[in-house]
Amino acid sequence: MAAPADKLAASLAVLRELQAAGRVALRAADMTRTHRERLLKNGFIREVMKGWYVSSRPDEPAGESTSWYASFWPFCVAYLDSRFGKRWSVSPEQSVSLHTGNWTVPRQLLVRAPKGGNKPIGLIHDTSIFDVRLDMPPEADRTILNGVRLY
């Protein structure tokens, strides 16, 4: 039987492979339940919402938000791509902010998607995504910046 340290090392190897592939947002299906529970218990991942996780430092104090704010935009891109494919875009106001270089994490990210749910999705540290069921802007009015779909 493997020692607890060896088991944790195996789980960390799985996490390292996901991170090496450029994954910031981790889905529950990306790793086995055993690895996920072990990494969660030891503080190497943090649950953002049911079935979605981000990496974190195990020595992070309770309430520390640095790892979340650092991974907010890649997390949102991965989540929204998973949910809507290419059929989503952030609001015009947020698009202007991002085009001007203001990547401040909003308390609520407003997203337009033809299959949006018209409801907020709560995330950690009092942030959320509100996906509104609206048509997409014309193709000529859309662009992608750092993976984020903008007007």
Side-chain angles (χ1 to χ4, degrees), residues 11-58 60-151:
S11 296
L12 286 170
V14 169
L15 179 60
R16 184 173 8 124
E17 287 177 26
L18 291 168
Q19 290 171 331
R23 304 288 299 278
V24 174
L26 309 169
R27 294 187 77 167
D30 292 339
M31 61 188 90
T32 66
R33 179 179 174 184
T34 304
H35 289 308
R36 185 178 65 253
E37 288 177 353
R38 195 175 293 140
L39 291 168
L40 195 58
K41 178 183 174 190
N42 287 286
F44 288 97
I45 60 173
R46 171 185 287 169
E47 187 173 40
V48 175
M49 60 188 289
K50 186 172 172 68
W52 287 86
Y53 303 85
V54 291
S55 299
S56 63
R57 288 186 4 241
E60 221 172 43
E64 176 65 37
S65 60
T66 304
S67 64
W68 170 238
Y69 285 105
S71 59
F72 177 83
W73 291 108
F75 175 86
C76 289
V77 168
Y79 172 74
L80 293 167
D81 281 349
S82 166
R83 186 156 173 223
F84 301 119
K86 296 180 180 184
R87 306 275 301 150
W88 65 273
S89 176
V90 298
S91 69
E93 297 83 7
Q94 188 66 53
S95 294
V96 168
S97 184
L98 295 175
H99 277 299
T100 60
N102 181 2
W103 288 87
T104 303
V105 173
R107 286 196 59 198
Q108 185 169 71
L109 178 63
L110 184 61
V111 176
R112 295 174 65 128
K115 294 187 178 185
N118 289 330
K119 61 181 179 174
I121 299 152
L123 306 173
I124 57 177
H125 295 293
D126 200 27
T127 57
S128 63
I129 297 173
F130 195 101
D131 54 281
V132 181
R133 186 176 299 136
L134 292 171
D135 290 332
M136 295 294 295
E139 186 70 36
D141 294 339
R142 289 185 267 166
T143 187
I144 298 175
L145 182 61
N146 295 333
V148 181
R149 299 176 185 287
L150 308 172
Y151 276 87

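Only a predicted model underlies this, so the values are computations on that prediction, with no experimental measurement involved. Sequence positions, counted from 1, serve as the residue numbers for this chain.
One finds the OG1 atom of T104 at 11.0 Å from the CZ atom of F72 (value rounded to the nearest 0.5 Å). In this structure, the separation between CG on L134 and OG on S91 is 10.5 Å, given to the nearest 0.5 Å. Note: Y151 OH to D141 CG = 8.5 Å, rounded to the nearest 0.5 Å. Residue T127 holds its OG1 atom at 6.0 Å from OH of Y69, rounded to the nearest 0.5 Å. Note that CD of E37 is 9.0 Å distant from OG1 of T32, once rounded to the nearest 0.5 Å. Atom CD of residue Q108 and atom CG of residue D126 lie 10.0 Å apart, to the nearest 0.5 angstrom.
Contacts classified as ring pair (Phe, Tyr, Trp, His ring centres under 6.0 Å) and involving residues 83-110 (residues at least two apart or in different chains) are given here: W73-W103.
Residue S95 comes nearest to L150 through the heavy atom pair OG-CA, 3.6 Å, listed as atom of the first residue, atom of the second, then distance. Of all non-hydrogen atoms in G63 and H125, the two that sit nearest each other are O-CE1, 3.4 Å. Taking all atoms of both residues into account, the shortest heavy-atom contact from G85 to R149 is O-NE, 4.1 Å. The minimum heavy-atom distance linking H35 with S11 is given by the pair ND1-OG, 2.7 Å. Here the closest heavy-atom approach between residue M31 and residue L39 is recorded as SD-CD1, 3.8 Å. Nearest heavy-atom pair across I45 and R36 is CD1-O, 3.7 Å.
One finds no salt bridge joining E64 and R57 here, because no Lys/Arg side-chain nitrogen approaches an Asp/Glu carboxylate oxygen to under 4.0 Å. Taking a cutoff of 4.0 Å between a charged side-chain nitrogen and a carboxylate oxygen, K115 and D131 do not qualify as a salt bridge.
Side-chain atoms of Q94 and L109, non-hydrogen and from C-beta on, do get closer than 4.5 Å to each other. Looking at I129 and C76, their side chains come closer than 4.5 Å, going by heavy atoms from C-beta outward.
Side-chain atoms of R142 come within 3.5 Å of backbone atoms of P137 as a donor-acceptor pair (strictly under, hydrogens ignored).
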Could you list the donor-acceptor pairs under 3.5 angstrom formed between side-chain atoms of residues 15-23 and any protein atom two or more places apart in sequence or on another chain?
unit_1	atom_1	unit_2	atom_2	d
Q19	NE2	S55	OG	2.7
R23	NH2	D30	OD1	3.2
R23	NH2	D30	OD2	2.4

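A donor and an acceptor atom, one from each side chain of S56 and R46, are nowhere located under 3.5 Å apart. In this structure, a donor-acceptor pair under 3.5 Å is absent between the side chains of N102 and T100. A side-chain donor-acceptor contact under 3.5 Å links R27 and S82.
The environment of CG in N118 is crowded: more than 12 heavy-atom neighbours from other residues, nucleotides or ligands sit within 6.0 Å.
Relative orientation of the Y79 and F75 rings is parallel, given thresholds of 30° and 60° on the angle between their planes.
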